[in-house]
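Below is one structure, written out as structure tokens; the observations come after it.
For the numbers below, each heavy atom of this structure counts, side chains included, while hydrogens, waters and symmetry mates do not. Because the structure is predicted, anything quoted here is derived from the model rather than measured.
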Amino acid sequence: MNYKEAVEYIEEVQVYGSVLGLENIKALCEKLGNPQKDLKFIHIAGTNGKGSVLAFVSTVLKAAGYKVGRYISPTITEYRERIQINQRMISKKDLPVYMERIKEACDALVEEGKSHPTPFEMETALGFLYFKEKNCDFVVLETGLGGITDATNIIDNTVLAILTSISRDHMGFLGNSLEEIAKKKTGIIKEGCVAVTAGQTPEVTDIIKKACYEKKIPLLVGD
């Protein structure tokens, strides 16, 4: 697969749409040797500001001397912008190499009678594999939709969970109330991590505090 073929393949798999849940991404990552288990993550969820926070945090880590993977969506300029290391996009040489491996894993899953992963699941798994093999110290990533059932939430090694401003969004998928949406987004909070949140409405703050209490982790609240 060359770069042109990789771009064409990306267009072809758009037919698989978007599906919430972790079953597909777990199966795909298992085929790839679970690369996410060898990485440390800063995970960001929220309604507004995820991209800005991701850019700030990853830039600070890079300035501190770390090798930092960025996984973002959507992109502004081109597809390769989704996957970066120290602010350099995955190269036109590397993208088809890794996409070929993702394609082989997806084809194997279909042959086993399992569902074909969605484009977002494929991109997420590709990012994990790329960041692992390039020996990133940290990966900063934002959720695609929600939190608890978002494909990015397959990760276990979260060192920092960041919750930006939470408001009513994607209500058809995440719930009919602000409280329901907040519960979905707090799904990125894992045992052993530290949680940080922006100033939220009182009901959202209470939900975040409860999630941190249940996981026995510290919560830092910004102004």
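Taking the side chain as every heavy atom from C-beta outward, Leu109 and His116 never approach each other to under 4.5 Å. Contact annotation: the side chain of Val204 never approaches that of Ile181 to less than 4.5 Å [non-hydrogen atoms, C-beta and beyond]. A heavy-atom distance below 4.5 Å is not found between the side chains of Tyr16 and Pro117. Lys92 is not listed as a side-chain neighbour of Asn2, based on a closest heavy-atom distance of 4.5 Å or more. You'll find the side chain of Leu160 stays beyond 4.5 Å of the side chain of Cys193, heavy atoms only. Side-chain contact between Val57 and Val68: absent, with no pair of heavy atoms (C-beta onward) separated by less than 4.5 Å. Counting only heavy atoms from C-beta outward, the side chains of Asn48 and Thr164 never approach each other to under 4.5 Å.
One hydrophobic cluster, built from ILVMFWY side chains closer than 4.5 Å, holds both Ile102 and Val139. With hydrophobic clusters built from ILVMFWY side chains whose heavy atoms lie under 4.5 angstrom apart, Leu95 shares a cluster with Leu141. Hydrophobic clustering keeps Ile72 apart from Phe120 (ILVMFWY residues linked when any side-chain heavy atoms are closer than 4.5 Å, directly or through intermediates). A continuous path of hydrophobic side-chain contacts links Ile44 to Val159 [ILVMFWY only; heavy atoms under 4.5 Å]. Leu54 and Leu39 end up in different hydrophobic clusters when Ile, Leu, Val, Met, Phe, Trp and Tyr side chains are linked at under 4.5 Å.
Taking every heavy atom of both residues into account, Ile162 and Ile188 meet most closely at O-CD1, 3.8 Å. Of all non-hydrogen atoms in Met1 and Pro96, the two that sit nearest each other are O-CB, 3.3 Å. Heavy-atom minimum distance, Leu32 versus Ala125: CD1-CB, 3.8 Å. Taking all atoms of both residues into account, the shortest heavy-atom contact from Thr158 to Ala161 is CG2-N, 4.1 Å. Residues Ser73 and Gly144 approach most closely at OG-CA, 4.3 Å, considering heavy atoms. Across Met122 and Leu28, no two heavy atoms sit closer than the pair CA-CD2, 3.9 Å.
Contact check on Lys134 versus Asp94 returns a salt bridge, with a Lys/Arg side-chain nitrogen under 4.0 Å from an Asp/Glu carboxylate oxygen. Ion pairing of Glu8 with Lys4 is present here, as a side-chain N (NZ or NE/NH1/NH2) and a carboxylate O approach within less than 4.0 Å. Between Lys210 and Asp206 no salt bridge is recorded (no basic side-chain N to carboxylate O distance below 4.0 Å).
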Under 3.5 Å donor-acceptor pairs involving side-chain atoms of residues 211-222, not counting sequence neighbours:
none

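A donor-acceptor pair is defined here as one N or O able to donate and one able to accept, closer than 3.5 Å; no such pair exists between the side chain of Asp137 and the backbone of Tyr66. Although no hydrogens or angles enter the test, the distance criterion places a donor-acceptor pair under 3.5 Å between the side chain of Ser58 and the main chain of Ala55. A donor-acceptor pair under 3.5 Å is formed between the side chain of Asn157 and the backbone N or O of Lys37. Put simply, the side chain of Gln14 gets close to the backbone of Ile10: a donor and an acceptor are under 3.5 Å apart. Side-chain N or O atoms of Gln200 include one that pairs as donor or acceptor with a backbone N or O of Ile166 at under 3.5 Å. Judged purely by atom type and a 3.5 angstrom limit, Thr143 has no side-chain atom pairing as donor or acceptor with the backbone of Asp150. Here the side chain of Glu81 pairs a donor or acceptor atom with the backbone of Thr77 at under 3.5 angstrom.
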Inset, instruction - Go through the steps for Asn86 and Gln84 under the test side-chain hydrogen bond (donor to acceptor under 3.5 Å, both in side chains), then give the verdict. - result: CA-CA 6 Å; Asn86 284 357; Gln84 305 176 34; over 6 Å; no

Inset, instruction - Please lay out, stage by stage, how Ile85 and Arg70 fare under the test side-chain contact (heavy atoms from CB on, under 4.5 Å). - result: CA-CA 6 Å; Ile85 295 177; Arg70 286 189 185 188; over 6 Å; no

Inset, instruction - Starting from the C-alpha separation in whole Å, work towards a yes-or-no answer on side-chain hydrogen bond (donor to acceptor under 3.5 Å, both in side chains) for Tyr79 and Glu123. - result: CA-CA 10 Å; Tyr79 182 86; Glu123 293 155 3; 3.1 Å; yes

Inset, instruction - Start with the C-alpha gap between Glu5 and Lys103, add the side-chain angles, then the distance that decides, and say whether salt bridge (Lys or Arg N to Asp or Glu O under 4.0 Å) holds. - result: CA-CA 12 Å; Glu5 291 169 336; Lys103 182 180 184 300; over 6 Å; no

Inset, instruction - Test Leu163 against Ile189 for side-chain contact (heavy atoms from CB on, under 4.5 Å), laying out the working first. - result: CA-CA 9 Å; Leu163 294 158; Ile189 296 173; 4.0 Å; yes

Legend entry - Residue pair Glu203, Thr201: steps toward the side-chain contact (heavy atoms from CB on, under 4.5 Å) verdict: CA-CA 6 Å; Glu203 59 265 45; Thr201 61; 3.4 Å; yes

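From Glu121, atom CD reaches atom OG1 of Thr152 across 11.0 Å, with rounding to the nearest 0.5 Å. The line from CD1 of Ile90 to CZ of Phe131 is 8.0 Å long, rounded to the nearest 0.5 Å. For the atom pair Ile207 CD1 and Lys183 NZ, the distance stands at 5.5 Å (nearest 0.5 Å). The NZ atom of Lys50 sits 10.0 Å away from atom OG of Ser165, with the distance rounded to the nearest 0.5 Å. With rounding to the nearest 0.5 angstrom, the NZ atom of Lys93 is 15.5 Å from the OH atom of Tyr3. The OH atom of Tyr130 sits 8.5 Å away from the CD1 atom of Ile83 when rounded to the nearest 0.5 Å.
Side-chain contact of Glu133 with Asn135: a donor-acceptor pair under 3.5 Å is absent, judged by distance alone. With 3.5 Å as the limit, one finds a donor-acceptor pair spanning the side chains of Asn153 and Lys190. Side-chain atoms of Arg82 and Thr124 include no donor-acceptor pair closer than 3.5 Å.
More than 12 heavy atoms of other residues, nucleotides or ligands lie within 6.0 Å of CD in Gln87, so this atom counts as buried by the packing criterion. More than 12 non-hydrogen atoms from other residues, nucleotides or ligands lie less than 6.0 angstrom from NZ of Lys132. Atom NZ of Lys209 sits in a sparse spot, with 12 or fewer heavy atoms from other residues, nucleotides or ligands closer than 6.0 Å.
Ring pair Phe41/Phe128: centre-to-centre distance below 6.0 Å.
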